[in-house]
Amino acid sequence: MDFTVGLETPFSLDYTLESGQVFRWDNRGEWWYGVVSGGVVKARQEGDTLRCVTSSDRHDSSFMRAYFRLDEDVELVYASIAKDDLLRRAAQRFYGMRLMSQERWECLATFSLATNSNIPRIRTMVSQLCRRFGRPLQFEGAEYHAFPDPEALAAASPQDLRECGLGYRAPFIRHIAKCLDEGGIDLGEVALFDYEQAREALLSKLLGTKVLLGVGPKVADCALLFSFGKDEAFPIDVWVLRALLEHYPELLGTGLGRRLAKDEKPRLGRGDYLRVSAAAREKFGAYAGYAQQYIYAMSRSGP
DNA sequence: TAGCAGGAAAATC
DNA sequence: GATTTTCCTGCT
């Protein structure tokens, strides 16, 4: 399909796809190429329209509107979160950057690979996983690969997964795949819960005793924010933590703040993570996740 | 709860 | 080239 989508509210395709929430989009010249929900999408922004060429009829205008969350007005988000100097500058600097709505399984699986890693590496790992286990897709004479289904990764041998460069993360993603494939965990049901309940479910405090290996509070928050529509989720990675230390030390509390300020490589333990992210939700409100995304972008873009 | 290991790519020195 | 860092979690 070849179509354009009208952009009635501020949107930046570049800032959105470069914001570290997705790993399967490539910028090649004038176009971005992505593999999304079992199809290939080529997109580019032309002023206040988004031009899309897709491999499948399922990926139509309403699909893309939902994927990029274009029916929401990010100006309302700015009105809600841009209440201090840092966030006002962030909203200007990354004007139009959006949270997206990804596929839940892919998002959860991908972020379980993100521990002790970096964005280029996560892209490599996911790309190899898809090439080896994903369904092949044809688009404009080239071959692409869908993100593998849980069944495919549940059936994969640990050795095969390791050969995708996953290292010690290989058992994590395989275990998550098994839980979804045969363990009776339905992410669609989890999405119906409110934020707190959904997080508890992913952290295995609900839905029986299944433990999703490799899913701690940070990975759970990323999945909830990027694919479950939980805009109050506030993932704290090393970049956000550095920004909190510099700009929002009150969220850490004096004791923790002092300790981390001395540390060369500040990290949050599980208990501290939960306390600080709760404080951030309290401070930034219903769009705390948007605040996090802009703080993250500012933190990574340097001073 | 604190401390540590973990595999390998990427960034930095 | 060697060393350090990397969108952290699991285990002890």
Side-chain angles (χ1 to χ4, degrees), chain A residues 15-25 90 94 97 99-100 102 106-129 131 158-176 178-179 199-200 202-205 209-227 233-246 253 255-256 258-260 262-277 280 288-302:
Chain A
Y15 290 148
T16 300
L17 293 179
E18 288 164 354
S19 69
Q21 54 184 317
V22 285
F23 300 90
R24 301 213 66 208
W25 284 87
F94 297 99
M97 180 174 69
L99 290 175
M100 298 164 60
Q102 303 179 47
E106 174 176 343
C107 188
L108 185 63
T110 298
F111 277 94
S112 81
L113 302 178
T115 66
N116 262 356
S117 196
N118 51 51
I119 291 174
R121 174 141 190 238
I122 297 167
R123 296 173 62 89
T124 304
M125 289 189 286
V126 173
S127 149
Q128 295 195 67
L129 265 183
R131 195 167 308 154
Q159 182 57 32
D160 285 341
L161 290 172
R162 278 187 171 270
E163 284 171 14
C164 296
L166 307 194
Y168 66 91
R169 305 165 191 82
F172 292 175
I173 200 168
R174 184 154 180 269
H175 185 262
I176 298 169
K178 282 193 171 184
C179 287
R199 189 190 63 206
E200 294 305 296
L202 293 184
L203 295 179
S204 315
K205 303 244 169 61
T209 55
K210 279 287 181 192
V211 174
L212 294 173
L213 272 180
V215 180
K218 192 272 181 183
V219 170
D221 273 337
C222 286
L224 291 169
L225 182 61
F226 302 139
S227 64
F234 193 90
I236 304 172
D237 71 313
V238 291
W239 295 94
V240 171
L241 181 58
R242 286 197 273 260
L244 295 184
L245 273 163
E246 186 176 351
L256 180 62
R258 269 170 195 282
R259 221 167 357 135
L260 293 180
K262 289 182 199 149
D263 204 326
E264 286 295 315
K265 274 185 64 179
R267 300 148 183 273
L268 292 177
R270 192 183 178 99
D272 288 330
Y273 179 99
L274 294 173
R275 275 190 290 279
V276 175
S277 60
Y290 263 99
Q292 179 274 351
Q293 200 62 14
Y294 279 84
I295 291 168
Y296 174 78
M298 285 299 268
S299 185
R300 290 199 58 126
S301 73

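Letters go in sequence order (proteins before strands), and every chain restarts at 1.
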Sub-3.5 Å pairs of nitrogen or oxygen atoms, protein against nucleotides 9-13 of chain B:
| unit_1 | atom_1 | unit_2 | atom_2 | d |
| --- | --- | --- | --- | --- |
| dA9(B) | O4' | Arg121(A) | NE | 3.3 |

Problem set entry | Sequence-distant partners of Asp237(A), salt bridge (Lys or Arg N to Asp or Glu O under 4.0 Å), two or more places apart | none

Problem set entry | Atom pair CG (Leu129(A)) and CG (Leu166(A)), whose distance is rounded to the nearest 0.5 Å | 5.0 Å

Exercise. Which value, in whole Å, describes the distance between the P atoms of nucleotides dA11(B) and dC8(C)?
Worked result: 15 Å

Exercise. So which nucleotide from dT5(C), dT9(C), dG10(C) ends up closest to the side chain of Lys265(A)?
Worked result: dT5(C)

For this session: If the plane angle is over 60° it's perpendicular, under 30° parallel, otherwise tilted; pick one for Tyr294(A) and Tyr290(A).
Result: parallel

For this session: Whole angstrom is fine here: how far is it from CZ in Arg270(A) over to P in dT1(B)?
Result: 11 Å

Exercise. Rounded to whole angstroms, how far apart are CG on Leu268(A) and C1' on dT1(B)?
Worked result: 14 Å

For this session: Report the distance from atom CG of Leu161(A) to atom C1' of dA8(B), rounded to the nearest whole Å.
Result: 16 Å

Seminar exercise, completed: When rounded to whole Å, the CD1 to C1' distance for the pair Ile122(A) and dT6(C) reads 9 Å

Seminar exercise, completed: Rounded to whole Å, the CG-C1' distance (Leu203(A) to dG10(C)) equals 13 Å

Exercise. So, for Asp221(A) and Phe234(A), which heavy atoms are closest and what is the spacing to 0.1 Å?
Worked result: OD2-O, 3.8 Å

For this session: Could you pull out the closest heavy-atom pair between Leu225(A) and Gly289(A), with the gap in Å?
Result: CD1-CA, 3.6 Å

Problem set entry | Residue pairs involving residues 110-125 of chain A (criterion salt bridge (Lys or Arg N to Asp or Glu O under 4.0 Å); sequence neighbours excluded) | Asp26(A)-Arg123(A)

For this session: Begin with the C-alpha distance, continue with both residues' side-chain angles, and end with the deciding distance and a verdict on side chain to side chain contact (heavy atoms under 4.5 Å, CB included) for Ile295(A) and Met298(A).
Result: CA-CA 5 Å; Ile295(A) 291 168; Met298(A) 285 299 268; 5.8 Å; no

Exercise. Tell me, which of residues 235-242 of chain A have any heavy atom that sits under 4.0 Å from an atom in DNA chain C?
Worked result: Asp237(A), Val238(A), Trp239(A), Arg242(A)

Exercise. Heavy atoms under 4.0 Å, any strand shown: does Leu166(A) hit a base, just sugar-phosphate, or nothing?
Worked result: nothing

Exercise. Within the distance-only criterion (no hydrogens, no angle test), does the side chain of Ser299(A) pair as donor or acceptor with the backbone N or O of Trp239(A) below 3.5 angstrom?
Worked result: yes

Exercise. Base, sugar-phosphate, or nothing for Gly269(A), non-hydrogen atoms under 4.0 angstrom?
Worked result: nothing

Exercise. Looking only at atom types and distance, does a side-chain atom of His175(A) sit under 3.5 Å from a main-chain N or O of Gly214(A), one as donor and one as acceptor?
Worked result: no

Exercise. Base, sugar-phosphate alone, or nothing: which one does Tyr273(A) contact when heavy atoms must sit under 4.0 Å apart?
Worked result: nothing

For this session: To the nearest Å, give me how far apart CZ (Arg267(A)) and P (dG10(C)) are.
Result: 15 Å

Exercise. Could you state the CZ-P distance from Phe172(A) to dC11(C), rounded to the nearest angstrom?
Worked result: 8 Å

For this session: Could you note down all residue pairs passing side-chain hydrogen bond (donor to acceptor under 3.5 Å, both in side chains) where residues 16-25 of chain A supplies at least one of them, sequence neighbours left out?
Result: Ser19(A)-Gln21(A), Ser19(A)-Gln293(A), Trp25(A)-Tyr67(A)

Problem set entry | Heavy-atom side-chain proximity of Leu274(A) to Arg199(A) below 4.5 angstrom | yes

For this session: Check every strand shown and say whether Gln21(A) touches a base, only sugar-phosphate, or nothing at a heavy-atom separation below 4.0 Å.
Result: base

For this session: For Ser19(A), report the nucleic acid contact type (base, sugar-phosphate, nothing); a contact means any heavy atom under 4.0 Å.
Result: base

Exercise. DNA chain B: Arg162(A) or Arg259(A), which has the more 5' nearest nucleotide?
Worked result: Arg259(A)

Exercise. What is the distance, rounded to the nearest whole Å, between atom CG of Asn116(A) and atom C1' of dA5(B)?
Worked result: 10 Å

Exercise. Do Leu212(A) and Leu108(A) have side chains that get closer than 4.5 Å, going by heavy atoms?
Worked result: yes

Exercise. Reading DNA chain C 5' to 3', how would its secondary structure be written in dot-bracket notation, given Watson-Crick and G-U pairs with both distances under 3.5 Å, brackets [ ] for crossing pairs and | for partners on other strands?
Worked result: ||||||.|||||

